[in-house]
Amino acid sequence: MERRWTNQEIAQIFENIADMLEIQGEIPYKVMAYRRAAENIAALGRDIYDLWQEGALRTIPGVGEAIEEKIDQLLRTGRLELYERLKSEIPQSLLEMRQIPDMGPKRIKAVWEKLGITTVEELEEAARAGKLRNLPGFGAKLESKILAGIEAVKRRKIAGRVPLGVAWPLAQEILSALQEVPGVHRLAAAGSFRRMKDTIGDLDFLVAAEDPEAVMERFTTLPIVETVLLKGSTKSSVRLRTGLQADLRVIEAARWGTALQYFTGSQQHNIQLREHALKRGYSLSEYALTRVETEKEILCATEEEVYTRLGLAYIPPELREGRGEIEAALEGRLPRLIEIEDLQGDLQVHSTWSDGQASIREMARAAKAKGYRYILLTDHSQSLGVAKGLTPERLWEQRREIEAVNAELGDGFRVLHGAEVEIRADGSLDYPDEVLAALDLVVASVHTGLRQDRERVTARFLAAIRHPYVHIIAHPTGRLLGEREGADADWEAILRAAAETGTLLEINANPARLDLPDILARRALELGCKLVISTDAHSPGEFDLIHFGVAVARRAWATPEDIANTWPLERLLAWAKEKPRRLRRA
DNA sequence: CGGGCTAACCCGGTTTACTGCATAGTAAA
């Protein structure tokens with residue numbers, strides 16, 4: 001094996017293969033097959049190498065004989081013949097043209113074959129010289145559109161997606177501004193924002209209003225708008241100062257349900273839902289549900305109506321990713337998803353004793369005011385110098401303050417004494433066992449050496465998970481959205497070990513992390529892990545970030561029972577006390 | 001190319017809008 005590929009890299013290779021086959025004019029079903037395989041590999045909760053070794057690649061939807069063989073070749077030899085051949089036949093610079101609006105595979109093929117154009121620069125030159133309009137299927141107008149498209153791609157400040165936490169305040173600001181416009185009946189943000197995906201491509205707003213023009217006017221003149229890309233009577237498009245694009249669409253109130261459903265997506269979900277509709281004799285569009293035989297339109301004012309008329313339970317937006325939710329809704333086995341109100345406490349909280357902004361008292365009061373029954377105080381351990389990590393001596397001093405705060409706040413609320421203990425580079429923990437044993441609950445995490453090789457990182461996590469006094473693994477992958485990839489580790493082995501030992505895995509609610517990521521969280525639940533949702537709050541205001549973590553858990557199909565901080569405190573502590581016994585059994 | 005089917009095979013991922021051209025390519029959820 002020359003190198004190890006991630007699921008994402010392999011998915012990307014099959015994406016590229018699909019693009020190149022498409023440019024070559026391959027039959028659409030073959031292209032689609034590679035795209036479908038790529039999507040399913042990217043959404044796989046487990047390491048593709050494990051499936052490979054088990055001979056179970058064919059269990060991935062969309063992977064049959066031919067693609068199995070190609071994955072095998074890639075993992076075995078580090079190379080893929082088909083991919084190498086296509087790359088030698090098709091200039092890679094052609095693939096960049098796909099970003100240009102109105103340039104699809106057919107047109108890319110045309111300019112390449114007829115004019116020998118292989119780069120965006122050459123395309124721009126040819127367009128300026130008026131050479132495109134002579135091609136069959138091209139015209140002067142399309143030529144200028146392509147030119148404008150190239151300009152737009154060049155000017156675009158942020159090409160990629162932004163973390164949900166960045167999009168969130170922008171969307172809230174826009175929603176509250178539009179809500180103020182008189183005559184607004186309904187208003188919603190749709191798209192990946194509504195599905196609470198960890199990153200957002202653009203913002204989509206829908207509105208039903210008496211005076212749509214006034215809403216459009218307000219939308220396009222908001223202070224956070226940098227440029228108005230388009231302003232019409234039913235749709236406006238703007239670029240925000242952050243580079244994010246936002247669209248606003250006007251919807252008839254009577255058609256609100258089908259429109260909101262459509263614009264919420266995901267694309268995969270919509271395709272599957274429409275297929276399902278066809279099977280039941282309906283055609284579904286953003287405008288209506290139409291009986292195919294009679295062509296009679298049924299207008300749906302609510303999303304609930306859309307799903308109900310199709311014989312489905314209502315599918316919450318977080319589940320709409322085309323990952324089995326329609327089948328589950330049909331069979332009435334959608335999970336009762338966790339909600340914020342189910343949570344009884346927060347299991348990662350910092351104070352000024354280490355790098356927090358507020359005292360234990362302030363944090364405890366804020367948590368109590370939110371209706372929580374408990375918080376686990378988890379200041380950093382000694383070796384994390386940058387965060388003022390606590391020595392054991394300081395930890396004992398801290399205990400006295402915790403006791404005082406507990407006495408002050410009285411029954412019905414408790415500050416638990418814990419710590420966020422470093423898992424050191426060699427897998428040992430940053431406090432001796434007798435110190436760990438004296439804490440109510442121990443959270444362990446990796447902050448350094450995330451770039452270690454796979455075997456070492458995995459071994460560190462496994463050591464921590466098999467430790468008798470480690471109860472929770474915090475922000476497991478260590479990723480920082482848009483900044484840093486998570487650790488490369490054998491997650492399947494780690495999740496299995498966590499399930500076996502009853503070690504809880506954290507969904508860190510901080511929108512910069514959202515870690516565990518939704519896909520790994522779902523796999524963890526499949527393997528029988530229990531999870532916790534924690535904010536990692538360093539100030540009282542950060543307790544409010546919890547909804548981001550709840551969203552990740554919902555996207556992982558988590559029920560309240562799956563999340564240990566919905567449990568009563570006694571159950572949680574009993575679960576932790578069981579760990580040494582569980583280890584002996586394992 | 002995948003998958004369901006009864007086979008050495010055939011059908012298949014939705015719906016709508018727009019453009020610019022006359023039948024189809026592209027984009028969007």
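Because only heavy atoms are used, hydrogens play no part in the values below, and waters and symmetry mates are left out as well, while side chains stay in. Every chain is numbered from 1, with letters handed out A, B, ... down the list of sequences.
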Can you tell me the distance, in whole Å, between the [atom1] atom of [X] and the [atom2] atom of [N]?
{"X": "A:Leu273", "N": "B:dT15", "atom1": "CG", "atom2": "P", "result": "11 Å"}
{"X": "A:Leu310", "N": "B:dT14", "atom1": "CG", "atom2": "C1'", "result": "13 Å"}
{"X": "A:Arg58", "N": "B:dC1", "atom1": "CZ", "atom2": "P", "result": "13 Å"}
{"X": "A:Leu132", "N": "B:dT19", "atom1": "CG", "atom2": "C1'", "result": "16 Å"}
{"X": "A:Lys235", "N": "B:dA17", "atom1": "NZ", "atom2": "C1'", "result": "10 Å"}
{"X": "A:Tyr282", "N": "B:dT15", "atom1": "OH", "atom2": "C1'", "result": "18 Å"}
{"X": "A:Ile27", "N": "B:dG2", "atom1": "CD1", "atom2": "C1'", "result": "11 Å"}
{"X": "A:Arg36", "N": "B:dC11", "atom1": "CZ", "atom2": "C1'", "result": "14 Å"}

Can A:Glu26 and A:Lys109 be counted as an ion pair, charged N to O under 4.0 angstrom?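 Salt bridge: no.
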Using salt bridge (charged side-chain N to carboxylate O under 4.0 Å, His left out) as the criterion, list what pairs up with A:Glu341, not counting sequence neighbours.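 Result, salt bridge (charged side-chain N to carboxylate O under 4.0 Å, His left out) vs A:Glu341: none returned.
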Go through it in stages, so that I can follow the logic: the residues are A:Leu86 and A:Gln24, the test is side-chain contact (heavy atoms from CB on, under 4.5 Å), and I'd like the CA-CA distance, side-chain angles, deciding distance and then a yes or no. CA-CA 9 Å; A:Leu86 286 171; A:Gln24 285 195 333; 3.6 Å; yes
Go through the structure and list residues passing side chain to side chain donor-acceptor pair (under 3.5 Å) with A:His269, not counting sequence neighbours.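 A:His269 satisfies side chain to side chain donor-acceptor pair (under 3.5 Å) with A:Tyr307, A:Glu325 once adjacent residues are dropped.
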In whole Å, measure the gap between the [atom1] atoms of [N] and [M] for me.
{"N": "B:dA28", "M": "B:dG13", "atom1": "C1'", "value": "15 Å"}
{"N": "B:dC9", "M": "B:dA24", "atom1": "P", "value": "29 Å"}
{"N": "B:dG20", "M": "B:dG25", "atom1": "P", "value": "16 Å"}
{"N": "B:dT23", "M": "B:dT6", "atom1": "P", "value": "38 Å"}

Mind checking [X] for me? I need base, sugar-phosphate or nothing, with any heavy atom below 4.0 Å counting as a touch.
{"X": "A:Val31", "answer": "nothing"}
{"X": "A:Gln272", "answer": "nothing"}
{"X": "A:Leu284", "answer": "sugar-phosphate"}
{"X": "A:Glu143", "answer": "nothing"}

Tell me whether A:Glu143 contacts the main-chain N or O of A:Leu132 through its side chain, where contact means a donor paired with an acceptor under 3.5 Å.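 Such a contact is found between A:Glu143 side chain and A:Leu132 backbone.
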Expected output: side-chain A:Arg496 to main-chain A:Trp491 donor-acceptor under 3.5 Å: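 Looks like no, no N/O pair under 3.5 Å.
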Could you give all pairs that pass the ring-ring contact (aromatic ring centres under 6.0 Å, His included) test and reach residues 172-230 of chain A, with sequence neighbours left out?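 Every pair satisfying ring-ring contact (aromatic ring centres under 6.0 Å, His included) with a residue in residues 172-230 of chain A: A:Trp168-A:Phe193.
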Indicate for each nucleotide in nucleotides 20-29 of chain B, in 5' to 3' sequence, whether protein heavy atoms under 4.0 Å reach the base (B), only the sugar-phosphate (S), or nothing (-). SS---SSSBB
Are A:Tyr29 and the base of B:dG12 stacked, counting only ring centres nearer than 5.5 Å and planes tilted under 30°?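 Yes.
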Can you name the side chain to side chain contact (heavy atoms under 4.5 Å, CB included) partners of A:Leu480, sequence neighbours left out? A:Glu483, A:Arg484, A:Arg513
Extract the stems that DNA chain B is part of, considering only consecutive pairing runs of at least three Watson-Crick or G-U wobble pairs, both distances under 3.5 Å.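 Result, WC/G-U stems under 3.5 Å: B:1-4 with B:9-12, B:14-19 with B:24-29.
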A quick test of your reading: do over 12 heavy atoms of other residues, nucleotides or ligands sit less than 6.0 Å from CD of A:Glu54? yes
